[in-house]
Each structure stands twice: as structure tokens, then as C-alpha cells.
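Numbering starts at 1 and runs along the sequence shown.
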Amino acid sequence: MEKTWRWFGPNDKITLDMLRQIGVEGIVTALHHIPNGEVWTEEEVNKMKDYIESHGLRWSVVESLPVCESIKYGGADRDELIEKYKVSLRNLGKAGVKTICYNFMPVLDWARTDLDYPNPDGTTNLYFNMAEFAYFDINILKRENAEKDYDEETLRRMREEVAPRMDKEGEKRLVENIIVKTQGFVNGNITEDDLEPVKKFRELLELYKGIDAEKLRANMAYFLNAIMPVCDEFGIDMCVHPDDPPMQILGLPRIVTNDEDIKAFLDAVPNPHNGLTFCAGSLSAGAHNDVVELAKKYADHTHFVHARICKVQPNGDFKESTHLDPRLIEVIRIFEKERPNVAMRVDHAPLMLGDDKMGYNAGYSFHGRMLALGMISGVMAAVNK
């Protein structure tokens, strides 16, 4: 597989020269300075491509060309936004950038409650605490009837373990971790410049009133059917990222969470350019998913691989696991054999060796990802022997 790295543009503290030195072959990036819904012009696309190539690397994957909320919920301007999206795709295709990772998650891209959960070895990882998430949903967001979405054990933990230690600072931390720090750097709906993120978040949730999973699936198929002619013309592969975490949250429909969901969107638009970003981490965050079996089943439909894995606790909490987790080794073995030319990037590695002082984006440390890349490179080499 091609060893790639998610890079956040010329302002990223991690430079392309650093990446070339650690064995990175391809770059995964986006035009983060262009607002969601606006066209990526030929000039801007080629400017980024030329910059990457001037450092001896290639622009392998776009992550992400964002799909606007209005396309997801079917707003009045949906068709206009899709037409702009098609122009951006054409401009990427002309430049030879032909793998596009995107997501169809309403409002929230990915969710964690703790961005620096301590490990026994002194490193820290991302962590999702179901009881803390319930506290955010019920007591901070104050979503109507939110209690009904959590089991009794989670509610007990929330009342007895979370609520007694929660203060204003703790609530602020939850808001930042769940809807600000994990979203703003990926062209998200909310940035650190928003003064009232909770209010804005409630307004975004309102847009999805009356939108269930069936309607969201129909809107996804509408979008994909509209762009497939452009993908056919330029050989562009669209690869949707699984929902993270792979479960219904905040009353929102989530439609890429398991085997049945993956089969549904592939069947809905049976075009070889309609495919999957196989994120072993997102899928493994749900105890209902067997990531090894899913990798076997959907290898032929996978256009991009995210190499990470999660360990789920009996209470539903989960954390990022080691990149040498046996399940991830098996996933790498499958893709190295079945899709040897597919782009792969390591993801959500620990903070270590001073990473925590560098201000890196959540989940995107340098030393942690460098260690993870070394681990996965070793696995790939062993597989090929």
C-alpha cells in the first residue's frame, strides 16, 4: 500500500520535508482555506499540487472535499451546491488527484470526550466516555428527550460518577472536545472563533428535524448519482468515511455504521467509483463490528485505508488501541494482499515525546504518528515476506 500522511497545508507545524524523511510517499490534504460549498478552482488545486510535488511527494488523496449540510438534509440549495461540487471534482480530476475521502455524517464529524486520556506508559490518547457524552447531551446541550437514548447503566454512571465532579471548567472542556477542537480544523461547522458554540450546535441539529436514516440514505444516493458522471469521466474514486463513532448519537441519523449500512450505500449506487474509506478505527469503535471480516468483505470496494483501531470497554467507552493490535495487523494483511496499491494513512496516534506541547490538531501528533507509521511499515514488510 502507499504510505500517506494527513497534512493540513503550508501552515501545518509538520512540514513536507519532515514527512519525506520519515518514509511518507503520498500526502492526504484539502484546500482548508476555501469555505465549505465554494468551488476549488483549477488555480488553487494546481497550486497545492505543485507545492506538494516540489517537496518530492504526491497529492494522493483529498480529505476532505466537504459535503455541505444542505446536501445531506436536502435543502433548497442542494442542487446548486452539488453543481459546485462537480466543478471542484472536475478540477481535481484534471490535475490527476483522483481519490476523494468524504463523510455523510450530519452536523458532527467525529466525537471524543477526552483528547489526552493518560496511558500507563506516560503517553495520552483520544477517549470516548459514554457517560460524559450523555452528560453533555442531557445537561449542556439540553436536547429534548435525550435521556431516552441512553441505557440505565450509562445514566447511572452519569449521575453518580460524572455529575458530582463536573463544574463550569469541566463543562467547557466537554464542549471544546466534542464540538470545537475535533471539528474546526477539518472544515467543520464550528470553529474556535465561535463565541456561542452550543447555541450554534443546537441550530445545526434543528436542520435535521424530520430527517431519519431512510431520508438521509436517499439524500446520499441523490448526491452520489449526481456526481458519478464526473467520476466516470475523470476516473475519480469517492470513498465515504464510516461514522465515528458508528452509532446513533444526539438524535441524528447515522448511515455508515455497520455491514448492513455499507452494503446499502454500495447497492444504492452500483458504480465502481462509489466506494469506502476503510477506517478500522471508526468501525471498531462499535462492539457490533468485526473489522477483520468487514475488511475481507469490502476490500474490493475500498479506495482508501485508515490504519488505526479502537478498544471498546464493556460499558461502551472506547479508546484508541496500539497500532500493533492483532486485529489491525490482520486488516493490514488483507489490504496489502488484496489492494496493494491503495493509499493508507496512520491515524489518531498517541501524544508522546513532547507532542502535547506543540499544538497539533487533535489526533494528529507527529511523534505518535511517526511511531505508528513505523509499526505499520513493519507489518507491511512482514506480510510481503
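Ring-plane geometry between F318 and F128 is classed as parallel, the angle between the planes falling under 30 degrees on a 0 to 90 degree scale with a further cut at 60.
The structure places CE of M158 at 4.0 Å from CD1 of I138, a figure rounded to the nearest 0.5 Å. Atom NZ of K47 and atom CD1 of I52 lie 12.5 Å apart (nearest 0.5 Å). E38 contributes atom CD, which lies 9.0 Å from atom OG of S88 (distance to the nearest 0.5 angstrom). Atoms CE and NZ, from M380 and K3 in turn, are 5.5 Å apart once rounded to the nearest 0.5 Å. Taken from SG in C68 to CD in E80, the straight-line distance is 10.0 Å, to the nearest 0.5 Å. For the atom pair N219 CG and I71 CD1, the distance stands at 10.0 Å (nearest 0.5 Å).
Although no hydrogens or angles enter the test, the distance criterion places no donor-acceptor pair under 3.5 Å between the side chain of N384 and the main chain of A381. In this structure a side-chain-to-backbone donor-acceptor pair under 3.5 Å is present from N274 to V269. For T322 (side chain) and L324 (main-chain N/O), a donor-acceptor pair under 3.5 Å exists by modelled atom type. Distance alone, capped at 3.5 Å, is enough to place a donor-acceptor pair between the D261 side chain and the T257 backbone. A donor-acceptor pair is defined here as one N or O able to donate and one able to accept, closer than 3.5 Å; such a pair exists between the side chain of K142 and the backbone of N139. No donor-acceptor distance shorter than 3.5 angstrom exists from the side chain of N258 to the backbone of H288, with no hydrogens or angles considered. Remark: the backbone N or O of M105 is paired with a side-chain donor or acceptor of K72 at under 3.5 angstrom. Judged by distance alone, with hydrogens and angles left aside, the side-chain atoms of Y85 form a donor-acceptor pair with the main-chain N or O of L65 at under 3.5 Å. One N or O on the side chain of N289 and one on the backbone of L283 form a donor-acceptor pair closer than 3.5 Å. Side-chain atoms of D243 do not come within 3.5 Å of backbone N or O of P245 as any donor-acceptor pair.
Contact of the L92 side chain with the W59 side chain is registered, since non-hydrogen atoms from C-beta on lie closer than 4.5 Å. In this structure the side chain of V305 never reaches within 4.5 angstrom of the side chain of R339, judged on heavy atoms. The shortest side-chain heavy-atom distance between Y135 and T113 does not fall under the 4.5 Å cut-off. Counting heavy atoms from C-beta outward, L174 and E171 have side chains that stay 4.5 Å or more apart. Taking the side chain as every heavy atom from C-beta outward, F234 and L89 never approach each other to under 4.5 Å. Taking the side chain as every heavy atom from C-beta outward, N125 and P350 approach each other to under 4.5 Å. In this structure the side chain of H303 never reaches within 4.5 angstrom of the side chain of M238, judged on heavy atoms. Counting heavy atoms from C-beta on, the side chains of H273 and D237 come closer than 4.5 Å.
Under the 3.5 Å distance criterion, with hydrogens and angles disregarded, a donor-acceptor pair is assigned to the side chains of Y150 and D137. Counting only N and O atoms by type, the side chains of T123 and D121 include a donor and acceptor under 3.5 Å apart. With no hydrogens or angles considered, a side-chain donor-acceptor pair links N271 and D232 at under 3.5 Å. Counting only N and O atoms by type, the side chains of E63 and H241 include no donor and acceptor under 3.5 Å apart. Inspection of the D149 and Q248 side chains reveals no N or O donor paired with an N or O acceptor under 3.5 Å. In this model, a donor atom of one side chain and an acceptor atom of the other lie less than 3.5 Å apart for Y222 and D79.
Checked against the 6.0 Å centroid threshold, F278 and Y298 do not count as a close aromatic pair. For H348 and W110, the ring centers sit closer than 6.0 Å to each other.
Salt-bridge check for R202 with E196: failed, with every basic side-chain N at 4.0 Å or more from each acidic carboxylate O. Between E153 and R156 there is a salt bridge, since at least one side-chain N of the basic residue sits less than 4.0 Å from a carboxylate O of the acidic one. In summary, K209 and E206 engage in a salt bridge, as defined by a charged side-chain N under 4.0 Å from a carboxylate O. Under the 4.0 Å criterion applied to side-chain N and carboxylate O atoms, E83 and K86 are assigned as salt-bridge partners. The pair E330-R333 meets the salt-bridge criterion, since a charged nitrogen lies less than 4.0 angstrom from a carboxylate oxygen. For the pair K297 and E293, the salt-bridge criterion is not met [side-chain N within less than 4.0 Å of a carboxylate O]. With respect to the salt-bridge test (charged N to carboxylate O, under 4.0 angstrom), the residues R327 and D290 do not qualify.
Under a cut-off of 6.0 angstrom, the local environment of NZ in K215 is sparse, with at most 12 non-hydrogen atoms contributed by other residues, nucleotides or ligands. Counting heavy-atom neighbours within 6.0 Å of K311 NZ, excluding the residue itself, gives a total of 12 or less.
Connection of V39 to V230 is not established within any shared hydrophobic cluster, with ILVMFWY side chains joined at heavy-atom distances below 4.5 Å, either directly or through further cluster members.
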Before giving the answer on ring-ring contact (aromatic ring centres under 6.0 Å, His included), spell out for F366 and Y360 the whole-Å C-alpha distance, their side-chain angles and the decisive distance to 0.1 Å. CA-CA 8 Å; F366 178 63; Y360 297 133; 7.1 Å; no
Apply side chain to side chain contact (heavy atoms under 4.5 Å, CB included) to residues R112 and D244 and explain how you reach the verdict. CA-CA 9 Å; R112 297 295 187 276; D244 186 5; 3.0 Å; yes
Go through L205 and L141 one step at a time and tell me if the side chain to side chain contact (heavy atoms under 4.5 Å, CB included) criterion holds. CA-CA 10 Å; L205 292 180; L141 191 59; 3.6 Å; yes
Checking ring-ring contact (aromatic ring centres under 6.0 Å, His included) for the pair F265/F104: CA distance, chi angles, key distance, verdict? CA-CA 11 Å; F265 87 78; F104 221 79; 10.0 Å; no
Chi angles and distances behind the side chain to side chain contact (heavy atoms under 4.5 Å, CB included) call for T124, D356: CA-CA 9 Å; T124 65; D356 57 319; 5.7 Å; no
Would you check, one step at a time, whether the test side chain to side chain contact (heavy atoms under 4.5 Å, CB included) holds for Y364 with D12? CA-CA 11 Å; Y364 294 94; D12 196 324; over 6 Å; no
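Heavy-atom minimum distance, N36 versus P66: OD1-CG, 3.4 Å. Between E25 and M1 the shortest heavy-atom distance is OE1-O, 4.1 Å.
Test F304, W40, Y102 against V62 for side-chain contact (heavy atoms from CB on, under 4.5 Å) and you get one pass: W40. A side-chain hydrogen bond (donor to acceptor under 3.5 Å, both in side chains) with D347 is found for exactly one of R369, H323, R308, R6, namely R308.
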